[in-house]
2 protein chains.
Amino acid sequence: MSNEEALRQYDIKKFRTPDGYTSDIAVFTIVSKQLAEYKPPLMQLKLMLIKRSKLNAEGQLNIEAEKWALPGGFVQENESALEAAGRELEEETGVKGIHIKHFGVYDQPGRDPRGWIISNAHYAIVPEQYLSTRQANDDAAEVELFSLEDISRIELAFDHKQIIQDAIKQITGDLLQTTVAKNFLPKYFTYSELQALLLTVTDDPAIASDQSFARKIKSLPFIKPVIGQKTQRTSKIPTQLYEFIEMDIVKPIYTARY
Amino acid sequence: MSNEEALRQYDIKKFRTPDGYTSDIAVFTIVSKQLAEYKPPLMQLKLMLIKRSKLNAEGQLNIEAEKWALPGGFVQENESALEAAGRELEEETGVKGIHIKHFGVYDQPGRDPRGWIISNAHYAIVPEQYLSTRQANDDAAEVELFSLEDISRIELAFDHKQIIQDAIKQITGDLLQTTVAKNFLPKYFTYSELQALLLTVTDDPAIASDQSFARKIKSLPFIKPVIGQKTQRTSKIPTQLYEFIEMDIVKPIYTARY
DNA sequence: GGAATAGTGTCTTTTAGACAATATAGA
DNA sequence: TCTATATTGTCTAAAAGACACTATTCC
């Protein structure tokens with residue numbers, strides 16, 4: 001096979017190569033406040049950031065120290081950036097099997113003062129309870145959840161402000177145009193729980209109106225009622241539970257109503 | 001500033017770094033056949049591929065030689081992958097100012113036999129007439145347009161089959177859910193031209209029916225008629241021309257009808 | 001009974017989709 | 001006149017949106 005021959009002739013050092021390849025993760029969670037028994041929750045979309053410590057693991061001064069940053073780290077040779085994100089998220093929060101999705105690459109020359117470093121950016125959806133047992137890793141001194149409004153007011157490391165802006169836009173779109181919402185919700189959920197979730201990213205009146213949304217949910221092809229399953233966690237009256245059906249939805253803008 | 005001090009202590013060679021960072025481009029074009037005068041066009045979505053030559057520029061055997069592949073190449077240190085894509089597209093086709101969009105990263109270990117090489121994948125939309133003056137670059141012996149069905153039957157280099165599958169899915173979704181369609185069309189277009197374009201990726205009856213679509217286009221908030229502008233290129237009767245209005249559309253699946 | 005959320009009945013308005021009809025202009 | 005595409009008229013069915021009302025359960 002001549003491919004092997006070609007490979008022997010190939011000089012891997014011919015090109016200037018990047019100084020690093022990192023995986024960064026925008027970790028989103030819904031902070032859900034149960035104001036009282038038998039009430040639907042109040043939800044808020046939050047983003048987890050870490051505060052970079054002053055010194056790194058070797059006791060040297062850290063780059064972009066004491067600024068807030070996305071969790072992440074260098075991708076290793078034997079893994080993909082997505083796998084690295086999963087690994088780092090596990091190190092950071094102790095949780096496995098989280099929904100993680102790539103949404104962008106950041107490779108603008110000069111974005112990282114350490115050199116030519118390419119960041120592969122993901123967002124992750126972590127249920128709130130998993131973040132209670134947070135633990136800081138080597139480079140991370142503090143961990144905190146920020147509301148989306150607060151983030152615009154804090155100083156962020158590298159180009160993470162831009163990455164976060166893009167992540168917010170991406171998850172907003174995905175929540176409304178795909179079925180990722182299911183990763184924020186328990187397997188079985190009520191219409192008011194899904195509604196509260198969607199209202200964290202939209203004020204569409206068709207979603208905001210209780211009656212409209214209660215009717216609408218019954219006609220959505222990707223959501224089905226769980227027959228015989230009701231709950232009282234959002235109201236005194238036992239409420240129908242629903243679940244997502246796995247499917248891709250493409251709703252053309254050309255056939256929608258406005 | 002202590003960041004500078006940290007930078008002096010930082011050893012860029014501490015980590016195993018990638019062996020290369022490439023930018024690959026799925027170049028889509030619409031082949032538009034005017035069957036006769038005064039008729040709407042027949043359109044087909046095609047993808048441009050290059051056949052990798054047997055020998056590279058230095059006369060050595062080429063990797064994955066004589067297989068079809070996406071155009072692309074190594075990203076240089078002073079540019080982003082998007083810029084590299086624009087540069088390579090210009091080298092390949094001679095056209096500037098093309099619509100190029102990132103849609104994925106391919107970094108699975110072992111995807112490239114030459115080493116740890118990360119591919120940043122884009123799709124580009126090139127009007128057909130620009131591809132008439134194609135020119136092969138160093139590594140590319142032949143250039144050809146393939147219909148989406150044909151592609152599944154040819155042998156492709158590296159993991160380009162996967163990349164192409166993803167590109168097709170992405171552009172299909174974008175055509176139906178964003179206003180990228182405008183990059184395939186002249187600035188002013190008739191309803192039947194837009195319709196022909198959309199029918200290359202969907203068979204939605206609301207788009208396929210002439211009368212429905214002719215009515216629908218007038219109510220779309222992102223398309224407006226160009227007043228006083230008509231053309232006879234698609235019919236004997238002078239036909240209203242339309243243009244896209246710049247805007248983002250997010251149509252929630254939760255408020256659509258099914 | 002009061003309060004709060006879930007869910008239905010019903011009416012109006014809007015839209016989609018089907019079908020037919022009309023308009024235009026070159027051949 | 002014929003033909004093909006564009007465009008409008010009109011009807012029907014479906015859906016959206018608004019509003020009022022009922023249902024359930026705990027207090």
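Within every chain, numbering begins at 1; the chains are lettered A, B, ... in the order of the sequence lines, protein sequences first and strands thereafter. Since the structure is predicted, the reported quantities are computational estimates derived from the model, not experimental observations.
- What separates CG of A/D210 from P of D/dC21 is a distance of 18 Å, to the nearest Å.
- With 3.5 Å as the limit, one finds no donor-acceptor pair spanning the side chains of A/Q170 and A/D166.
- The heavy-atom pair separating B/H122 from B/I100 by the smallest distance is CB-CG2, 3.7 Å.
- Atom-to-atom, CZ of A/R233 to P of C/dA4 comes out at 22 Å; the value is rounded to the nearest Å.
- Between B/L42 atom CG and D/dT5 atom P there is a gap of 10 Å when expressed in whole angstrom units.
- Within the structure, ring pair (Phe, Tyr, Trp, His ring centres under 6.0 Å) pairs that include any residue of residues 193-238 of chain B comprise A/Y254-B/F222 (at least two apart or interchain).
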Which letter, B, S or -, goes with each nucleotide of nucleotides 14-24 of chain C from 5' to 3', with contact meaning a protein heavy atom under 4.0 Å? SSSSB-B--BB
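- Set against D/dT5, C/dA4, D/dT8, the side chain of B/K218 has D/dT8 as its closest nucleotide.
- Here the side chain of A/T234 is nearest to one of D/dA6, C/dG7, C/dA6, namely C/dA6.
- Note on B/T190: nothing from the nucleic acid sits closer than 4.0 angstrom, heavy atoms only.
- Taking each heavy atom of A/I25 and A/E88 in turn, the nearest pair found is CD1-OE1, 4.0 Å.
- In summary, the side chains of B/D174 and B/Y123 do present a donor paired with an acceptor at a separation below 3.5 Å, with no hydrogens or angles considered.
- Closest to the side chain of B/K39, out of C/dA6, D/dA4, D/dT7, is D/dA4.
- Put simply, A/Y191 has no side-chain N or O that comes within less than 4.0 Å of OP1 or OP2 on C/dG7.
- In this structure, the OH atom of B/Y242 is 6 Å from the P atom of D/dT7, given to the nearest Å.
- The distance between atom CZ of B/F213 and atom P of D/dT8, rounded to the nearest whole Å, is 15 Å.
- Using a 4.0 Å cut-off between charged nitrogen and carboxylate oxygen, A/E144 and A/K51 do not count as a salt-bridge pair.
- For the residue pair A/L148 and A/F28, the shortest heavy atom distance occurs at CD2-CE2, 4.3 Å.
- Here C/dG26 presents its P atom at 6 Å from OH of B/Y38, a figure rounded to the nearest Å.
- Atom-to-atom, CD1 of A/I217 to P of C/dG7 comes out at 9 Å; the value is rounded to the nearest Å.
- Following rounding to the nearest Å, B/F189 (CZ) and D/dA6 (C1') show an atom-to-atom distance of 16 Å.
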